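Here's the structure, in structure tokens; my notes come after.
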Amino acid sequence: QVQLVESGGGLVQAGGSLRLSCAASGRTFSVNTMGWFRQAPGKEREFVAVISWSGSSTYYADSVKGRFTISRDNAKNTVYLQMNSLKLEDTAVYYCAARRSYSGSYFDHEYDYWGQGTQVTVSS
């Protein structure tokens, strides 16, 4: 099993920045691809970003491209999501997810492990 714990969420004004962290523990050697998803009130969970094991390959949802950056530090078993130029519509619970496969995916059902989520609220 792999446990994922997100942190770094909070309340920020529009235009501001936050950095989310996701610390993995347990059988971390069994997971490779890491992703971030989010779920706004009344909406379905949606893909935000994904990163390969080496960190050399990343992919973003169009809605966050150019504003968010996903990165990872394998020595610390941690994945990050740097969020800049935040907008009201970025308000959501952000989830970290891990996938055993080396292939990236933006489908949440293809991820094997999930964190509990961290709330990000962007105010005007």
Side-chain angles (χ1 to χ4, degrees):
Q1 287 293 323
V2 175
Q3 294 77 44
L4 303 175
V5 179
E6 302 96 336
S7 62
L11 176 64
V12 63
Q13 285 191 324
S17 299
L18 279 176
R19 188 175 83 153
L20 305 183
S21 298
C22 172
S25 61
R27 298 171 63 89
T28 56
F29 58 86
S30 66
V31 296
N32 296 292
T33 304
M34 301 292 293
W36 285 97
F37 290 77
R38 67 186 182 185
Q39 187 167 20
K43 295 187 177 181
E44 293 187 352
R45 187 162 55 190
E46 64 174 3
F47 167 78
V48 175
V50 62
I51 188 167
S52 62
W53 182 89
S54 66
S56 62
S57 180
T58 58
Y59 185 78
Y60 299 90
D62 287 342
S63 58
V64 306
K65 200 173 295 182
R67 300 188 297 121
F68 290 12
T69 302
I70 188 171
S71 62
R72 66 191 295 168
D73 184 338
N74 289 339
K76 296 181 178 180
N77 292 319
T78 301
V79 176
Y80 305 96
L81 185 68
Q82 178 66 44
M83 305 185 295
N84 299 328
S85 302
L86 283 161
K87 303 176 180 180
L88 296 179
E89 53 264 40
D90 294 319
T91 294
V93 177
Y94 283 71
Y95 297 92
C96 174
R99 189 163 186 245
R100 289 190 290 267
S101 171
Y102 280 99
S103 298
S105 172
Y106 43 79
F107 295 113
D108 58 0
H109 67 269
E110 293 186 348
Y111 284 77
D112 302 296
Y113 304 100
W114 290 86
Q116 293 300 306
T118 185
Q119 177 71 47
V120 171
T121 303
V122 183
S123 64
S124 59

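These values consider heavy atoms only, across backbone and side chains, with no hydrogens, waters or symmetry-generated copies. For this chain, numbers begin at 1 and follow the sequence in order. In this text, all values refer to a predicted model and were calculated from it rather than measured experimentally.
Sorted by first and then second residue, the salt bridge (charged side-chain N to carboxylate O under 4.0 Å, His left out) pairs involving residues 9-25 (not counting sequence neighbours) form an empty list. The disulfide (SG to SG under 2.5 Å) pairs that include a residue from residues 1-113 are C22-C96, where partners are two or more places apart or lie in different chains.
Partners of T69 by side-chain hydrogen bond (donor to acceptor under 3.5 Å, both in side chains), not counting sequence neighbours: none found. Taking the side chain to side chain contact (heavy atoms under 4.5 Å, CB included) definition, one finds that S71 meets it with Y80, sequence neighbours left out. With sequence neighbours left out, Y111 forms a ring pair (Phe, Tyr, Trp, His ring centres under 6.0 Å) with F37. Applying the ring pair (Phe, Tyr, Trp, His ring centres under 6.0 Å) rule to Y94 yields no partners; only residues at least two apart in sequence or on another chain are considered. Not a single side-chain hydrogen bond (donor to acceptor under 3.5 Å, both in side chains) links K43 to another residue, sequence neighbours left out. Under the rule for a side chain to side chain contact (heavy atoms under 4.5 Å, CB included), the partners of S54 that lie at least two apart in sequence or sit in another chain are S52, S56. For S7, the side chain to side chain contact (heavy atoms under 4.5 Å, CB included) partners at least two apart in sequence or on another chain are S21. For the side-chain hydrogen bond (donor to acceptor under 3.5 Å, both in side chains) test, no residue two or more places apart in sequence or in another chain qualifies with D73. For V64, the side chain to side chain contact (heavy atoms under 4.5 Å, CB included) partners at least two apart in sequence or on another chain are R38, V48, Y60, A61, R67, F68.
Sparse packing is recorded around CD of Q13, with 12 or fewer heavy atoms of other residues, nucleotides or ligands lying under 6.0 Å away.
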Quiz: residues 24-34 side-chain donor-acceptor pairs under 3.5 angstrom, not counting sequence neighbours:
{"from": "S25", "atom 1": "OG", "to": "Q3", "atom 2": "OE1", "distance (Å)": "3.4"}
{"from": "S30", "atom 1": "OG", "to": "R27", "atom 2": "O", "distance (Å)": "2.6"}
{"from": "N32", "atom 1": "OD1", "to": "Y102", "atom 2": "OH", "distance (Å)": "3.4"}
{"from": "N32", "atom 1": "ND2", "to": "R100", "atom 2": "O", "distance (Å)": "2.6"}
{"from": "T33", "atom 1": "OG1", "to": "S101", "atom 2": "O", "distance (Å)": "2.9"}
{"from": "T33", "atom 1": "OG1", "to": "Y102", "atom 2": "O", "distance (Å)": "3.3"}
{"from": "T33", "atom 1": "OG1", "to": "S103", "atom 2": "O", "distance (Å)": "3.3"}

